[in-house]
Amino acid sequence: MLKERVLSGMQASGKLHLGNLVGALSNWVKLQDKYDCYYFVADWHALTTMYTDPSYIRESTKDILINFLAAGLDPEKCTIFLQSRVLEHAELHLLLSMITPLSWLERVPTYKEKQQELKDRDLSTHGFLGYPLLQTADILIYRAKYVPVGIDQVPHLEISREIARRFNYLYREIFPEPEALLTEFPKVIGVDGRKMSKSYDNAIFLSDRPEEVEQKIMTMVTDPARVKRTDPGTPELSPVYQLHKVFSSKEELEEVASGCITAGIGCIDCKKILIKNIFKVMEPIWKSRNELLNNPDMLYDIVKKGTEKAKKTAEETMQLVRESMGLY
Ligand code: TRP
């Protein structure tokens with residue numbers, strides 16, 4: 001039986017952290033057994049907001065590709081590739097731009113939100129307005145059925161569906177309407193208690209060394225009311241406890257909660273348990289990252305093969321698109 005196709009991408013605008021692992025990558029790894037999965041690094045998308053300072057896009061691209069593999073994406077099972085090396089995405093982006101009303105792009109909520117958020121940059125560019133259209137091209141070119149993404153990406157999926165529908169109506173039925181695959185995952189908060197994010201400077205990166213991880217957790221704030229070791233605490237008020245919820249077993253979670261409430265254990269003990277459990281998740285990733293870092297040819301080969309395969313699939317779609325739009 002032919003497997004249904006799944007596609008997703010990660011923007012190359014920073015190093016990956018535990019939030020990305022729990023929220024996206026682990027889910028991608030699960031999907032590769034059941035679906036025909038295409039996963040890529042969206043390096044062009046990174047340029048839409050970082051065009052004045054592209055220096056770390058390349059570094060970020062490499063970090064993400066390494067983490068794809070280290071987290072368990074298997075090139076025998078899924079297709080791993082680099083967006084900017086499959087030029088057909090750009091061709092489809094251009095062709096779809098002919099049929100996309102400006103107003104559709106202007107009303108995507110992330111457009112104005114991001115402009116507000118990143119006030120220090122001039123985002124009144126064609127490229128930035130076209131962000132969701134480029135994403136649409138990424139998805140439609142593989143005629144993907146499902147797109148595993150976070151809730152923040154739903155407006156982008158919505159416009160992808162609208163553009164697919166418009167193409168199918170104007171020319172011929174080529175594109176399935178892609179569906180977001182929203183998965184429930186525990187929220188990972190950062191070391192300061194806010195959502196883990198590279199822009200808050202509160203993330204534990206997959207590339208952090210064990211000492212760094214340990215130090216980041218050891219210096220985390222806990223329940224501010226728990227000043228002395230003998231003061232009882234409220235677990236829910238401690239960001240450390242929030243991380244326990246994601247990384248610790250049920251038994252350990254109960255143990256640290258009751259230890260905190262009764263002042264039976266101190267914050268240091270509680271953090272040590274968390275460190276042990278985070279290390280358990282990160283150790284295989286560190287091992288695999290080291291192997292890949294010591295063997296750049298291997299990484300290069302995997303991405304090259306994946307990109308060739310993606311190109312082949314993309315080209316098949318493009319032949320249909322070109323024909324439909326009166327091109328040779
Ligand atoms: N916009 C996505 C994000 O920021 C990245 C992305 C680019 C993407 N192209 C895509 C995701 C295609 C899914 C499908 O996370």
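Keep in mind that this is a model prediction, so the values were computed, not measured. For ligands, and for the atoms within them, numbers begin at 1 and follow the listed sequence.
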Ser8 N/O to ligand 1 N/O under 3.5 Å: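 The answer is no, given that Ser8 and ligand 1 share no N or O pair closer than 3.5 Å.
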
N or O contact, His156 vs ligand 1, cut-off under 3.5 Å: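 Among all N and O atoms of His156, none is under 3.5 Å from an N or O of ligand 1.
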
Enumerated ligand 1 atoms positioned under 4.0 Å from heavy atoms of [X]:
X: Leu7; answer: 12 (C), 14 (C)
X: Val147; answer: 13 (C), 14 (C)
X: Tyr131; answer: 1 (N), 2 (C), 3 (C), 4 (O)
X: Ile139; answer: 12 (C), 14 (C)
X: Val149; answer: 13 (C)
X: Ala42; answer: 7 (C)

Are side-chain N/O atoms of [X] and [Y] paired as donor and acceptor at under 3.5 Å?
X: Thr313; Y: Tyr38; value: yes
X: Gln32; Y: Asp74; value: no
X: Gln115; Y: Lys112; value: no

Anything under 30° is parallel, anything over 60° is perpendicular, the rest tilted; go ahead and classify [X] against [Y].
X: His89; Y: Trp44; result: perpendicular
X: Tyr131; Y: Phe128; result: perpendicular
X: Tyr39; Y: Trp28; result: parallel

Among all protein heavy atoms in this structure, tell me which lies nearest to [atom], with the distance rounded to 0.1 Å.
atom: atom 8 (C) of ligand 1; value: Gln135 NE2, 3.5 Å
atom: atom 5 (C) of ligand 1; value: Gly9 O, 3.6 Å
atom: atom 15 (O) of ligand 1; value: Gln153 NE2, 3.7 Å
atom: atom 9 (N) of ligand 1; value: Asp138 OD2, 2.7 Å

Over all atoms of both residues, closest heavy-atom pair of Arg289 and Leu206: CD-O, 3.6 Å

Ligand 1 contact on Tyr39 by region, counting heavy-atom pairs under 4.0 Å: neither

Validation row, ring centre Phe81 to ring centre Tyr142 under 6.0 Å: yes

Check ion pair Lys311-Glu315 (N to O, under 4.0 angstrom): no

